[in-house]
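Right, one structure below, let's go through it.
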Amino acid sequence: MKWSSLTRKLPIKWKLTIWSSALLCILFVSYNILQYVVMEKWSINYEKQNSKHQLIELEAFFKEKSIRTPSELKSYAQYFATINEKNQLIRILDDKGKPVLIVSHSVPSSWVKPKRVVSLQYEITYHQQERLLILRSPMTTFAGTIEIVRNMEMFDDFQEAFFFVMVATGIGAIILSFLGGAIIAKQLLVNVQAMTNTVKRIKKNGLNERVPVNDTNDELAQLGKLFNDLMDDLEQSFLQQKQFVEDASHELRTPLTIIKGHLTMLNRWGKNDPNVLNKSLQSSLKEVERLNQLVHELLELSRAESESPDTTEWETVDVSMVIDQVIRNFENVYTDYKFRKIRSESLYINMVARHLEQVLVILLDNAVKYGQENQKEVHVSTYRMQNVAKIEVKDFGIGIPQEEIPYVFHRFYRVDKARSRKQGGNGLGLAIAKRLVEKYGGTISIESKEGQGTTVILTFPVVR
Ligand code: ADP
């Protein structure tokens with residue numbers, strides 16, 4: 001419990017370092033243990049084979065010399081001494097188990113107790129620090145036992161040295177892997193640290209800080225880029241919001257200033273002059289109406305911007321029907337205008353009918369607002385091109401200068417501010433229309449010639 005809470009608190013750098021060192025340590029230790037065991041087995045086998053070889057040689061000698069009794073052995077003592085190897089004892093016992101011949105090279109006979117056997121066997125014993133491999137076998141030429149004792153000192157010395165080397169290299173490897181792990185972890189975490197620092201700076205200084213991204217294109221660099229993109233979007237939207245609030249306040253201020261002017265004037269000296277009173281009240285009422293309209297449009301814009309499309313509300317809208325209805329309403333209000341349907345293919349779009357109506361009202365309203373005295377006509381066309389439903393609203397009004405067209409969709413943008421204001425425009429209509437159309441995967445574009453007229457083209461994905 002304590003350990004896990006400790007590791008959880010550790011920085012990633014240390015976690016990576018410790019894990020890499022621990023893994024390497026385990027790997028190294030297990031490899032060395034395996035190597036040690038294999039070597040041990042191999043060395044014992046090697047010694048066993050040597051002893052066996054010696055035994056076969058001795059027996060062949062006994063056969064050759066036809067030695068039948070232990071007493072005959074004595075005369076060959078010199079020979080045994082020469083064939084005996086270093087660190088080896090050869091001892092022959094009679095049928096009672098008493099040694100009758102002992103030749104030794106650095107292995108005193110007292111180290112091993114004599115023992116009779118009836119079949120070949122190996123034994124490993126220790127005399128103090130010395131490890132001894134004993135081969136015992138019954139003699140074939142006479143009743144007795146032959147013992148060959150080998151001191152494994154050489155292997156043991158070798159293994160001891162090997163063990164020390166192993167431990168030393170193991171410790172070295174762990175230290176190296178610890179350092180390596182620390183360096184790799186540091187390299188990996190440089191970007192993360194940079195990001196942390198950036199977030200800290202953003203908290204302190206604002207949204208314009210960015211993470212320094214190197215050109216490695218690895219996962220961390222990609223994360224850094226993504227983070228910067230996100231910050232760009234966030235900053236952009238933050239600035240837009242700020243701009244919007246500034247613009248909206250500015251727009252609201254104009255009618256308020258006018259109303260205030262009238263009220264101040266009335267308060268000072270207009271109260272008793274019915275003419276001034278009436279004029280001021282009329283102007284103030286007009287401004288209040290404008291304020292009302294502005295607030296209404298702001299609300300519509302905010303809705304169009306924020307609402308994510310709720311597809312459950314969508315219906316299959318018969319475009320002609322909606323257009324007919326909007327035209328009828330306009331004909332009632334603008335009796336001097338002619339609204340004509342030029343091309344009328346039957347079209348169906350998946351959307352909220354109210355939104356299509358709202359867009360058409362904005363477009364027809366503009367067509368009328370920015371019309372010319374002698375050209376009081378508006379044409380509406382609907383047709384289908386491949387899978388796209390197109391709706392065009394064409395007027396023959398004052399038009400929009402080519403360079404201004406891209407801006408008319410911006411909030412509060414008006415080509416001729418004074419004229420627009422006179423017509424009751426706040427520069428929000430096309431902004432609202434654009435957002436509504438785009439909500440349904442549609443587009444809105446404008447073609448216009450100054451002094452000749454404007455065509456607004458809407459496209460929507462058509463219902464199959
Ligand atoms: P507004 O409420 O001011 O009409 P819009 O967003 O609807 O705001 O339009 C933005 C500006 O684009 C208008 O102020 C006007 O200058 C210009 N505009 C829009 N429609 C037309 C049109 N049919 N003819 C000429 N100018 C237009």
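This chain uses plain numbering: 1 for the first residue, then up along the sequence. Order of appearance sets the numbers: ligands from 1, and atoms from 1 within every ligand.
Protein heavy atom in closest approach to atom 16 (O) of ligand 1: V415 N, 3.0 Å. Of the protein's non-hydrogen atoms, D395 OD2, 2.9 Å is the one closest to atom 23 (N) of ligand 1. Protein heavy atom at the shortest distance from atom 15 (C) of ligand 1 is Y370 CZ, 3.6 Å. Of the protein's non-hydrogen atoms, the one nearest atom 3 (O) of ligand 1 is S420 OG, 2.8 Å. Among protein heavy atoms, atom 11 (C) of ligand 1 sits closest to Y413 O, 3.6 Å. Summary of contacts: the protein heavy atom closest to atom 26 (N) of ligand 1 is I400 CG1, 3.3 Å. Of the protein's non-hydrogen atoms, the one nearest atom 19 (C) of ligand 1 is N366 ND2, 3.5 Å.
Taking a cut-off of under 4.0 Å to the non-hydrogen atoms of L428, the atoms of ligand 1 that pass are 6 (O), 8 (O). Close approach to G429 involves these atoms of ligand 1, each under 4.0 Å from a residue heavy atom: 5 (P), 6 (O), 7 (O), 8 (O). Set against the non-hydrogen atoms of G427, the atoms of ligand 1 under 4.0 Å away are 1 (P), 2 (O), 3 (O), 6 (O), 8 (O). Taking every non-hydrogen atom of G425 and a distance limit under 4.0 Å, the qualifying atoms of ligand 1 come out as 1 (P), 2 (O), 3 (O). For ligand 1, the atoms closer than 4.0 angstrom to any heavy atom of K369 are 1 (P), 2 (O), 4 (O). Near G399, meaning under 4.0 Å from one of its heavy atoms, ligand 1 places the atoms 25 (C). Listed by number with element, the atoms of ligand 1 under 4.0 Å from a non-hydrogen atom of R414 are 3 (O), 14 (O). Counting the atoms of ligand 1 from 1 in the order shown, those under 4.0 Å from a heavy atom of L430 are 5 (P), 6 (O), 7 (O), 9 (O), 19 (C).
Residues Y36 and E40 bring no donor and acceptor atom of their side chains to less than 3.5 Å of each other. Side-chain atoms of E289 and Q293 include no donor-acceptor pair closer than 3.5 Å. Side-chain atoms of S20 and S177 form no donor-acceptor pair, as typed in the model, at a separation below 3.5 Å.
Across all non-hydrogen atoms, the minimal contact from L133 to I44 is CD2-O, 4.4 Å. When all heavy atoms are compared, the tightest approach of L120 to L55 is CD1-CD2, 3.6 Å. Listed here is the closest heavy atom pair of Y383 and L347: O-CD1, 3.6 Å. Heavy-atom minimum distance, R411 versus L428: CB-CD2, 4.1 Å.
The residue from I432, N426, V408, I398 that puts a heavy atom closest to atom 12 (O) of ligand 1 is V408.
The residue from K203, K200, R201 that alone fulfils the side-chain hydrogen bond (donor to acceptor under 3.5 Å, both in side chains) condition with E209 is R201.
In the displayed structure, E130 atom CD is contacted under 6.0 Å by more than 12 heavy atoms of other residues, nucleotides or ligands.
A salt bridge is defined here as a Lys NZ or Arg NE, NH1 or NH2 lying under 4.0 Å from an Asp or Glu carboxylate O, and R435 with E305 meets this definition.
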